[in-house]
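Single-structure report; data block below.
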Protein chains: 2
Amino acid sequence: MDHEVTVDHGGSVDYGEADPFQWDTREDCQVRQILDRVADKWSLLVIALLDRRRLRFTELRREIDGISQRMLTVTLRQLERDGLVKRTVHPVVPPRVEYELTPLGGTLHHTIQTLVSWTEEHQNEIAAARADYDARAAAEESP
Amino acid sequence: MDHEVTVDHGGSVDYGEADPFQWDTREDCQVRQILDRVADKWSLLVIALLDRRRLRFTELRREIDGISQRMLTVTLRQLERDGLVKRTVHPVVPPRVEYELTPLGGTLHHTIQTLVSWTEEHQNEIAAARADYDARAAAEESP
DNA sequence: CGGGATCCAATGGGATACTG
DNA sequence: CAGTATCCCATTGGATCCCG
(Lines give C-alpha, C1' and ligand atoms only; values in the text may rest on other atoms or scores of the structure.)
Protein backbone atom coordinates (compact mmCIF):
# COMPACT_ATOMS: atom_id res chain seq x y z
CA MET A 1 0.00 0.00 0.00
CA ASP A 2 2.98 2.26 0.38
CA HIS A 3 4.87 1.66 -2.81
CA GLU A 4 5.02 4.13 -5.67
CA VAL A 5 2.74 3.66 -8.60
CA THR A 6 3.97 4.48 -12.05
CA VAL A 7 1.23 5.69 -14.31
CA ASP A 8 1.51 5.32 -18.03
CA HIS A 9 0.44 8.58 -19.61
CA GLY A 10 0.67 7.18 -23.07
CA GLY A 11 3.94 8.87 -23.88
CA SER A 12 7.45 7.57 -23.68
CA VAL A 13 8.94 10.63 -22.01
CA ASP A 14 10.56 10.12 -18.64
CA TYR A 15 8.89 12.31 -16.07
CA GLY A 16 11.06 11.14 -13.20
CA GLU A 17 12.84 13.55 -10.86
CA ALA A 18 15.77 13.96 -13.17
CA ASP A 19 15.88 17.71 -12.57
CA PRO A 20 15.29 19.00 -9.05
CA PHE A 21 14.52 22.45 -10.42
CA GLN A 22 11.95 21.14 -12.81
CA TRP A 23 8.43 20.19 -11.91
CA ASP A 24 5.59 18.55 -13.65
CA THR A 25 3.92 21.06 -15.93
CA ARG A 26 1.38 18.77 -17.52
CA GLU A 27 -2.19 19.94 -17.45
CA ASP A 28 -3.49 16.80 -15.80
CA CYS A 29 -1.00 17.26 -13.01
CA GLN A 30 -2.41 17.69 -9.51
CA VAL A 31 -0.21 20.68 -8.80
CA ARG A 32 -1.31 22.50 -11.91
CA GLN A 33 -4.96 22.01 -11.06
CA ILE A 34 -4.55 23.11 -7.49
CA LEU A 35 -2.51 26.10 -8.56
CA ASP A 36 -5.29 27.18 -10.85
CA ARG A 37 -7.66 27.12 -7.92
CA VAL A 38 -5.35 28.70 -5.42
CA ALA A 39 -4.08 31.38 -7.75
CA ASP A 40 -7.60 32.37 -8.59
CA LYS A 41 -8.48 36.04 -8.40
CA TRP A 42 -11.31 35.68 -5.91
CA SER A 43 -9.93 32.75 -3.94
CA LEU A 44 -6.86 34.78 -3.16
CA LEU A 45 -8.91 37.64 -1.80
CA VAL A 46 -11.21 35.46 0.24
CA ILE A 47 -8.34 33.62 1.89
CA ALA A 48 -6.52 36.85 2.55
CA LEU A 49 -9.60 38.28 4.25
CA LEU A 50 -10.39 35.23 6.34
CA ASP A 51 -7.15 35.44 8.23
CA ARG A 52 -7.81 35.37 11.98
CA ARG A 53 -11.37 36.37 11.21
CA ARG A 54 -14.58 34.53 10.78
CA LEU A 55 -16.84 36.29 8.41
CA ARG A 56 -20.40 35.96 7.31
CA PHE A 57 -21.40 35.74 3.69
CA THR A 58 -22.58 39.31 3.50
CA GLU A 59 -19.53 40.61 5.31
CA LEU A 60 -17.26 38.98 2.76
CA ARG A 61 -19.41 40.33 -0.05
CA ARG A 62 -19.12 43.82 1.34
CA GLU A 63 -15.37 43.58 1.95
CA ILE A 64 -14.51 42.34 -1.51
CA ASP A 65 -15.26 45.17 -3.84
CA GLY A 66 -16.63 44.05 -7.17
CA ILE A 67 -17.45 40.44 -6.40
CA SER A 68 -20.91 39.27 -7.37
CA GLN A 69 -23.02 37.13 -5.10
CA ARG A 70 -22.69 34.30 -7.53
CA MET A 71 -18.91 34.33 -7.69
CA LEU A 72 -18.60 34.55 -3.94
CA THR A 73 -20.80 31.49 -3.58
CA VAL A 74 -18.87 29.57 -6.21
CA THR A 75 -15.52 30.57 -4.75
CA LEU A 76 -16.51 29.64 -1.22
CA ARG A 77 -17.82 26.25 -2.37
CA GLN A 78 -14.55 25.48 -4.12
CA LEU A 79 -12.50 26.51 -1.13
CA GLU A 80 -14.72 24.44 1.12
CA ARG A 81 -14.38 21.46 -1.17
CA ASP A 82 -10.61 21.80 -1.13
CA GLY A 83 -10.64 21.78 2.65
CA LEU A 84 -9.29 25.32 2.91
CA VAL A 85 -12.39 26.97 4.33
CA LYS A 86 -14.86 25.75 6.91
CA ARG A 87 -18.53 26.62 6.55
CA THR A 88 -20.69 26.80 9.64
CA VAL A 89 -24.45 27.12 9.47
CA HIS A 90 -26.23 28.39 12.56
CA PRO A 91 -29.80 27.08 12.62
CA VAL A 92 -31.48 30.36 13.39
CA VAL A 93 -33.76 32.74 11.59
CA PRO A 94 -32.59 34.64 9.79
CA PRO A 95 -29.89 32.18 8.72
CA ARG A 96 -26.37 32.86 9.91
CA VAL A 97 -23.53 31.27 7.98
CA GLU A 98 -19.94 31.88 8.90
CA TYR A 99 -16.74 31.11 7.08
CA GLU A 100 -13.29 30.62 8.51
CA LEU A 101 -10.00 29.15 7.43
CA THR A 102 -9.25 25.56 8.27
CA PRO A 103 -5.78 24.75 9.63
CA LEU A 104 -4.82 23.80 6.08
CA GLY A 105 -6.20 27.06 4.81
CA GLY A 106 -4.22 28.83 7.49
CA THR A 107 -0.93 27.47 6.15
CA LEU A 108 -1.89 28.65 2.70
CA HIS A 109 -2.69 32.04 4.07
CA HIS A 110 0.93 32.58 5.03
CA THR A 111 2.00 31.96 1.48
CA ILE A 112 -0.65 34.18 0.04
CA GLN A 113 0.12 36.94 2.46
CA THR A 114 3.69 36.82 1.18
CA LEU A 115 2.38 37.34 -2.32
CA VAL A 116 0.20 40.24 -1.24
CA SER A 117 3.07 41.82 0.63
CA TRP A 118 5.35 41.43 -2.35
CA THR A 119 2.78 43.22 -4.47
CA GLU A 120 2.44 46.04 -1.98
CA GLU A 121 6.18 46.49 -1.76
CA HIS A 122 6.83 46.50 -5.47
CA GLN A 123 3.75 48.20 -6.85
CA ASN A 124 5.67 51.36 -7.56
CA GLU A 125 8.38 49.56 -9.48
CA ILE A 126 5.75 47.80 -11.54
CA ALA A 127 3.84 50.99 -12.21
CA ALA A 128 7.09 52.60 -13.34
CA ALA A 129 7.93 49.65 -15.58
CA ARG A 130 4.51 49.86 -17.17
CA ALA A 131 4.78 53.56 -17.79
CA ASP A 132 8.20 53.03 -19.31
CA TYR A 133 6.99 50.22 -21.53
CA ASP A 134 3.98 52.18 -22.70
CA ALA A 135 6.11 55.22 -23.43
CA ARG A 136 8.49 53.17 -25.57
CA ALA A 137 5.62 51.51 -27.38
CA ALA A 138 4.03 54.87 -28.12
CA ALA A 139 7.34 56.29 -29.29
CA GLU A 140 7.79 53.53 -31.84
CA GLU A 141 4.44 54.09 -33.47
CA SER A 142 4.63 57.84 -33.87
CA PRO A 143 8.00 59.02 -35.21
CA MET B 1 9.08 64.83 -4.75
CA ASP B 2 9.13 62.49 -1.80
CA HIS B 3 6.01 63.43 0.06
CA GLU B 4 2.93 61.26 0.17
CA VAL B 5 0.03 62.04 -2.08
CA THR B 6 -3.50 61.54 -0.90
CA VAL B 7 -5.86 60.67 -3.69
CA ASP B 8 -9.52 61.46 -3.44
CA HIS B 9 -11.43 58.45 -4.65
CA GLY B 10 -14.70 60.27 -4.68
CA GLY B 11 -16.13 58.50 -1.68
CA SER B 12 -16.43 59.67 1.87
CA VAL B 13 -15.32 56.40 3.42
CA ASP B 14 -12.11 56.48 5.40
CA TYR B 15 -9.65 54.07 3.85
CA GLY B 16 -6.79 55.01 6.14
CA GLU B 17 -4.66 52.41 7.90
CA ALA B 18 -7.13 51.99 10.72
CA ASP B 19 -6.67 48.25 10.67
CA PRO B 20 -3.16 46.86 10.15
CA PHE B 21 -4.59 43.49 9.17
CA GLN B 22 -6.83 45.00 6.57
CA TRP B 23 -5.78 46.05 3.14
CA ASP B 24 -7.36 47.89 0.31
CA THR B 25 -9.73 45.55 -1.51
CA ARG B 26 -11.15 48.03 -3.96
CA GLU B 27 -11.07 47.04 -7.57
CA ASP B 28 -9.25 50.13 -8.72
CA CYS B 29 -6.54 49.46 -6.17
CA GLN B 30 -3.03 48.93 -7.55
CA VAL B 31 -2.49 45.83 -5.46
CA ARG B 32 -5.66 44.20 -6.71
CA GLN B 33 -4.71 44.83 -10.32
CA ILE B 34 -1.17 43.56 -9.92
CA LEU B 35 -2.40 40.55 -7.99
CA ASP B 36 -4.66 39.65 -10.86
CA ARG B 37 -1.70 39.71 -13.19
CA VAL B 38 0.72 37.96 -10.92
CA ALA B 39 -1.71 35.30 -9.76
CA ASP B 40 -2.57 34.47 -13.31
CA LYS B 41 -2.53 30.83 -14.32
CA TRP B 42 0.02 31.20 -17.11
CA SER B 43 2.08 33.98 -15.57
CA LEU B 44 2.72 31.79 -12.58
CA LEU B 45 3.98 28.95 -14.73
CA VAL B 46 6.16 31.15 -16.91
CA ILE B 47 7.83 32.77 -13.94
CA ALA B 48 8.31 29.46 -12.22
CA LEU B 49 10.01 28.08 -15.32
CA LEU B 50 12.25 31.05 -15.97
CA ASP B 51 14.07 30.65 -12.70
CA ARG B 52 17.83 30.54 -13.31
CA ARG B 53 17.07 29.74 -16.89
CA ARG B 54 16.78 31.71 -20.03
CA LEU B 55 14.38 30.13 -22.40
CA ARG B 56 13.37 30.64 -25.97
CA PHE B 57 9.77 31.09 -27.00
CA THR B 58 9.44 27.58 -28.34
CA GLU B 59 11.13 26.08 -25.33
CA LEU B 60 8.60 27.74 -23.03
CA ARG B 61 5.79 26.60 -25.28
CA ARG B 62 7.02 23.05 -25.12
CA GLU B 63 7.54 23.11 -21.35
CA ILE B 64 4.13 24.47 -20.51
CA ASP B 65 1.69 21.79 -21.43
CA GLY B 66 -1.54 23.14 -22.83
CA ILE B 67 -0.59 26.74 -23.48
CA SER B 68 -1.40 28.11 -26.89
CA GLN B 69 0.99 30.23 -28.88
CA ARG B 70 -1.31 33.16 -28.46
CA MET B 71 -1.56 32.96 -24.70
CA LEU B 72 2.18 32.53 -24.34
CA THR B 73 2.73 35.65 -26.40
CA VAL B 74 0.15 37.62 -24.44
CA THR B 75 1.47 36.44 -21.10
CA LEU B 76 5.07 37.23 -21.98
CA ARG B 77 4.11 40.71 -23.16
CA GLN B 78 2.33 41.44 -19.91
CA LEU B 79 5.22 40.19 -17.85
CA GLU B 80 7.61 42.22 -19.95
CA ARG B 81 5.45 45.30 -19.52
CA ASP B 82 5.41 44.81 -15.77
CA GLY B 83 9.19 44.65 -15.73
CA LEU B 84 9.26 41.07 -14.54
CA VAL B 85 10.66 39.47 -17.66
CA LYS B 86 13.33 40.67 -20.06
CA ARG B 87 13.01 39.93 -23.74
CA THR B 88 16.12 39.71 -25.87
CA VAL B 89 15.99 39.52 -29.64
CA HIS B 90 19.04 38.17 -31.42
CA PRO B 91 19.18 39.57 -34.96
CA VAL B 92 19.87 36.34 -36.73
CA VAL B 93 18.01 34.11 -39.11
CA PRO B 94 16.08 32.27 -38.06
CA PRO B 95 15.11 34.67 -35.27
CA ARG B 96 16.20 33.81 -31.77
CA VAL B 97 14.30 35.40 -28.90
CA GLU B 98 15.14 34.63 -25.33
CA TYR B 99 13.29 35.38 -22.13
CA GLU B 100 14.67 35.67 -18.63
CA LEU B 101 13.61 37.05 -15.30
CA THR B 102 14.60 40.58 -14.41
CA PRO B 103 15.91 41.19 -10.88
CA LEU B 104 12.40 42.26 -9.94
CA GLY B 105 11.02 39.12 -11.48
CA GLY B 106 13.56 37.15 -9.52
CA THR B 107 12.23 38.43 -6.22
CA LEU B 108 8.75 37.45 -7.29
CA HIS B 109 9.98 34.02 -8.20
CA HIS B 110 10.83 33.30 -4.59
CA THR B 111 7.29 34.02 -3.56
CA ILE B 112 5.81 31.99 -6.35
CA GLN B 113 8.08 29.10 -5.65
CA THR B 114 6.73 29.10 -2.12
CA LEU B 115 3.24 28.81 -3.53
CA VAL B 116 4.23 25.96 -5.82
CA SER B 117 5.96 24.18 -2.97
CA TRP B 118 2.95 24.59 -0.75
CA THR B 119 0.82 23.02 -3.44
CA GLU B 120 3.19 20.10 -3.85
CA GLU B 121 3.29 19.49 -0.13
CA HIS B 122 -0.43 19.61 0.42
CA GLN B 123 -1.80 18.10 -2.75
CA ASN B 124 -2.68 14.88 -0.98
CA GLU B 125 -4.60 16.67 1.75
CA ILE B 126 -6.53 18.62 -0.84
CA ALA B 127 -7.27 15.55 -2.89
CA ALA B 128 -8.55 13.85 0.25
CA ALA B 129 -10.69 16.84 1.18
CA ARG B 130 -12.21 16.86 -2.29
CA ALA B 131 -12.98 13.17 -2.21
CA ASP B 132 -14.56 13.60 1.20
CA TYR B 133 -16.63 16.57 0.07
CA ASP B 134 -17.81 14.81 -3.05
CA ALA B 135 -18.70 11.71 -1.07
CA ARG B 136 -20.82 13.72 1.35
CA ALA B 137 -22.51 15.60 -1.48
CA ALA B 138 -23.34 12.36 -3.23
CA ALA B 139 -24.64 10.83 -0.02
CA GLU B 140 -27.09 13.66 0.51
CA GLU B 141 -28.67 13.34 -2.89
CA SER B 142 -29.19 9.58 -2.91
CA PRO B 143 -30.61 8.27 0.36
C1' DC C 1 11.48 30.78 -35.41
C1' DG C 2 8.68 34.11 -33.27
C1' DG C 3 5.17 36.19 -33.50
C1' DG C 4 0.80 39.56 -35.38
C1' DA C 5 -4.03 39.43 -37.08
C1' DT C 6 -8.34 37.40 -37.45
C1' DC C 7 -12.20 34.52 -36.58
C1' DC C 8 -14.86 31.89 -33.70
C1' DA C 9 -16.10 28.71 -29.68
C1' DA C 10 -16.06 28.16 -24.83
C1' DT C 11 -16.60 29.89 -20.52
C1' DG C 12 -16.52 33.17 -16.93
C1' DG C 13 -19.16 36.01 -14.69
C1' DG C 14 -23.02 39.79 -14.04
C1' DA C 15 -28.05 40.78 -13.39
C1' DT C 16 -32.22 39.28 -11.98
C1' DA C 17 -35.73 36.53 -9.91
C1' DC C 18 -37.10 33.05 -6.69
C1' DT C 19 -36.64 30.06 -2.13
C1' DG C 20 -35.95 28.23 2.69
C1' DC D 1 -29.77 36.20 5.24
C1' DA D 2 -27.83 33.08 2.30
C1' DG D 3 -28.17 31.11 -1.06
C1' DT D 4 -30.05 28.48 -6.00
C1' DA D 5 -31.48 28.88 -10.77
C1' DT D 6 -31.70 31.13 -15.24
C1' DC D 7 -30.59 34.04 -18.76
C1' DC D 8 -27.31 36.36 -21.29
C1' DC D 9 -23.42 38.94 -22.52
C1' DA D 10 -18.32 39.97 -22.47
C1' DT D 11 -14.01 38.34 -22.22
C1' DT D 12 -10.82 34.61 -22.65
C1' DG D 13 -8.54 31.83 -25.27
C1' DG D 14 -7.91 28.23 -29.17
C1' DA D 15 -7.26 27.51 -34.26
C1' DT D 16 -5.61 29.18 -38.39
C1' DC D 17 -3.23 31.91 -41.71
C1' DC D 18 0.42 34.83 -42.76
C1' DC D 19 4.69 37.50 -42.51
C1' DG D 20 9.65 39.08 -41.41
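To find a chain, count down the sequence lines: A is the first, B the second, and so on, and within it residues start at 1.
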### Task
Measure from CG on B/L55 to P on C/dC1 and round the result to the nearest Å.
15 Å

### Query
How far apart are the closest heavy atoms of B/M71 and B/T75, and which atoms are they?
O-OG1, 2.7 Å

### Task
Quickly, which of B/R56, B/R87, B/K86, B/R53 forms a side chain to side chain donor-acceptor pair (under 3.5 Å) with B/Y99? Name it, please.
B/R87

### Task
Send over the distance from B/E27 CD to C/dG14 C1', rounded to a whole Å.
12 Å

### Message
I'd like to know if the side chain of A/T25 reaches the main chain of B/E63, judged simply by a donor and an acceptor atom lying under 3.5 Å from each other, with no hydrogens or angles considered.
### Response
yes

### Query
Is it true that the side chains of A/H122 and A/E125 contain a donor and an acceptor less than 3.5 Å apart?
yes

### Query
Rounded to the nearest Å, what distance is computed from the CZ atom of residue B/R61 to the C1' atom of nucleotide C/dG3?
11 Å

### DNA chain D: 5'-proximal contact among A/R56 and B/S68 (nearest heavy atom)
A/R56

### Summary
In whole angstroms, the gap separating P of C/dG14 from NZ of A/K41 amounts to 7 Å

## Note on the structure
In whole angstroms, the gap separating P of D/dT11 from CG of B/D40 amounts to 17 Å

### Task
Could you go through the side-chain contact (heavy atoms from CB on, under 4.5 Å) check for A/W42 and A/V74 one step at a time?
CA-CA 10 Å; A/W42 300 123; A/V74 170; over 6 Å; no

### Task
Send over the distance from A/I64 CD1 to C/dG13 P, rounded to a whole Å.
13 Å

### Task
Could you state the atom-to-atom distance from CE of A/M71 to C1' of D/dA2 in whole Å?
17 Å

#### Entry: Student check: side-chain heavy atoms of A/T114 and A/H110 closer than 4.5 Å
no

### Query
Do A/Q69 and D/dG3 share a donor-acceptor pair, side chain to base, under 3.5 Å?
yes

### Query
Can you find a side chain N or O atom of A/R70 that sits less than 4.0 Å from OP1 or OP2 on D/dG3?
no

#### Entry: Length of the CH2-C1' vector between A/W42 and C/dG14, whole Å
11 Å

### Query
Which ones in residues 74-101 of chain B lie close to DNA chain C, meaning a heavy atom under 4.0 Å from one of its atoms?
B/R77, B/R87, B/P94, B/P95, B/V97, B/Y99

